[in-house]
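One structure is given here, and the rest of the page talks about it.
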Amino acid sequence: MKKLATLIPTAVVAGLALAFAFSVAAQPQQVTAKVTRINGSARYSTDAANWMPLKVGMELGSGTVIQTAAGSIVDLVLGDLDVVAQPTPKVGDTLSYQPMAEQDALRLYGDTVLALDKMTALKTGMDEVRETQLDLRAGKLFGKVKKLSPASKYEVKLPNGVAGIRGTIYSITAQGIVSVLEGTVVLAYVGADGTVVTQVINAGYQFNVGTGQLIPLPAIEQRELASAAGEIVAVPGLISEPTVITVDQNQYFISPVSD
């Protein structure tokens with residue numbers, strides 16, 4: 001009986017320790033935004049008072065504000081960089097493997113101010129719940145978002161509303177011009193009469209809060225979005241050059257082995 005009484009506290013302690021470990025593991029993890037390309041110049045601040053030059057390779061956390069100079073471009077990758085080797089067709093006696101990035105990515109254009117309000121990820125078995133909240137205070141933002149789990153949330157706040165993004169290639173301006181190449185954006189904004197208006201923008205369309213018009217995506221905008229989507233995948237300096245493997249064309253004779 002005494003032995004059983006001794007084991008009970010031990011079991012309770014072990015159970016509490018396991019529960020604590022599970023609760024810690026179940027907490028959302030902070031995600032960072034990695035700077036992968038800068039054309040021109042940009043700066044960042046973590047306290048809204050002191051500004052520092054932005055450089056390629058930096059990892060920025062939630063609460064960071066980024067500001068780009070006129071005519072500049074900044075590309076960001078959100079979270080860990082997932083890289084897969086994509087084989088390209090055989091050319092002569094060589095076979096090339098081109099690394100490609102599969103990840104949420106952002107492009108800030110010139111005269112843009114963007115705050116990274118919240119970026120978290122939570123592993124739930126085979127799935128991942130991500131929460132991304134961005135604040136576009138000025139300028140123009142391009143985004144490429146991989147497929148999200150049903151419980152994930154990706155929002156871009158504007159001075160006059162908020163846009164919910166679902167697995168999309170999109171661009172959005174602080175003035176409320178939303179262009180969608182793939183996926184869907186749901187925009188909620190305050191109308192001229194003060195009421196909240198909800199607008200769904202599907203792939204191939206553009207919506208302008210100022211005019212209230214939903215129109216087919218202009219060809220020039222389609223080309224810009226497609227070009228940005230292709231460029232933002234290749235991450236200079238962070239993804240290696242294509243690996244070229246020489247294919248051995250020699251024929252070797254192997255003598256049969258008898259039992």
Review point. Parallel, tilted or perpendicular: which fits the ring planes of Y170 and F142, with parallel below 30° and perpendicular above 60°?
Key: parallel
**Study point:** Side-chain donor-acceptor pair present, S45, Q67, cut-off under 3.5 Å
**Key:** no
Check your understanding: Does V178 belong to the same Ile/Leu/Val/Met/Phe/Trp/Tyr cluster as V197, with side-chain heavy atoms less than 4.5 Å apart forming each link?
Key -> yes
Point to revise | Main-chain N/O of K140 paired with T112 side-chain donor or acceptor, under 3.5 Å | key: yes
Point to revise | L141 and L108: CA distance, side-chain angles, deciding distance, side-chain contact (heavy atoms from CB on, under 4.5 Å) verdict | key: CA-CA 5 Å; L141 177 70; L108 286 65; 3.9 Å; yes
Check your understanding: What distance do K144 atom NZ and L181 atom CG have between them, rounded to the nearest 0.5 Å?
Key -> 10.5 Å
Check your understanding: If you group Ile, Leu, Val, Met, Phe, Trp and Tyr by side-chain heavy-atom gaps below 4.5 Å, do I38 and M52 land in one group?
Key -> yes
Review point. Out of curiosity, N208 CG to Q175 CD, how far, rounded to the nearest 0.5 Å?
Key: 9.5 Å
Practice item. Assess whether side-chain contact (heavy atoms from CB on, under 4.5 Å) is satisfied between I66 and L76, documenting all intermediate values. Key: CA-CA 11 Å; I66 306 168; L76 306 171; 3.7 Å; yes
Point to revise | Full working for side-chain contact (heavy atoms from CB on, under 4.5 Å) between L158 and L187 | key: CA-CA 10 Å; L158 305 175; L187 178 66; 4.0 Å; yes
**Study point:** T32 side, atom OG1; M119 side, atom CE - distance, nearest 0.5 Å
**Key:** 6.5 Å
Check your understanding: Just by distance, do the side chain of S72 and the backbone of S41 share a donor-acceptor pair under 3.5 Å?
Key -> yes
Point to revise | Nearest heavy-atom neighbours spanning L148 and S152 | key: CB-CB, 3.9 Å
Exercise for review: Report the residue from K34, R130, K146 that forms a salt bridge (charged side-chain N to carboxylate O under 4.0 Å, His left out) with D104.
Suggested key: R130
Study note, to complete from the structure: Between I172 and A163, the two heavy atoms sitting closest are CD1-CB, 3.8 Å
Exercise for review: Establish whether I177 and L114 are linked, either directly or via other cluster members, by ILVMFWY side-chain heavy-atom contacts under 4.5 Å.
Suggested key: no
Review point. Looking only at heavy atoms, which two atoms of L225 and S171 are closest? And how far apart?
Key: CD2-CB, 3.6 Å
Review point. Is there a chain of hydrophobic side chains (I, L, V, M, F, W, Y, each step under 4.5 Å between heavy atoms) that links M58 to L106?
Key: yes
Review point. Looking only at heavy atoms, what is the nearest atom pair of L214 and Q199, with distance?
Key: CD2-NE2, 3.7 Å
Review point. Should we count CD1 of I215 as having more than 12 external heavy atoms under 6.0 Å?
Key: yes
Exercise for review: Indicate yes or no for a side-chain donor-acceptor contact from D75 to the backbone of T36 under 3.5 Å, with no hydrogens or angles considered.
Suggested key: no
Review point. Under the side-chain contact (heavy atoms from CB on, under 4.5 Å) criterion, do V156 and V185 qualify, and how do the steps go?
Key: CA-CA 10 Å; V156 180; V185 173; over 6 Å; no
Check your understanding: Within the side chain of Q222, is there an N or O that forms a donor-acceptor pair under 3.5 Å with the backbone of L217?
Key -> yes
Check your understanding: Heavy atoms, side chains only, cut-off 4.5 Å: are W51 and V65 in contact?
Key -> yes
Check your understanding: Is the OH atom of Y205 crowded by more than 12 outside heavy atoms at less than 6.0 Å?
Key -> no
Practice item. List the atom of L134, the atom of Y154, and the distance in Å for their closest heavy-atom pair. Key: CD1-OH, 3.8 Å
Review point. When K118 is tested against each of Q30, E131, E155, Q133 for side-chain hydrogen bond (donor to acceptor under 3.5 Å, both in side chains), which residue passes?
Key: E131
Point to revise | Heavy-atom pair of closest approach, residues L116 and A33 | key: CD1-CB, 3.9 Å
Exercise for review: Could you tell me whether a side-chain N or O of T173 sits under 3.5 Å from a main-chain N or O of G139, the two making a donor and an acceptor?
Suggested key: no
Exercise for review: Could you check if a side-chain atom of R107 sits within less than 4.5 angstrom of a side-chain atom of I73, using non-hydrogen atoms only?
Suggested key: yes
Check your understanding: Side chain of E231, backbone of A229: donor and acceptor closer than 3.5 Å?
Key -> no
Exercise for review: Measure the shortest side-chain to side-chain distance between L60 and L54 over non-hydrogen atoms and say whether it is less than 4.5 angstrom.
Suggested key: yes
Review point. Which value, rounded to the nearest 0.5 Å, describes the distance between L136 atom CG and K157 atom NZ?
Key: 11.5 Å
Review point. Would you find a donor on one side and an acceptor on the other, under 3.5 Å apart, between the side chain of T184 and the backbone of R166?
Key: no
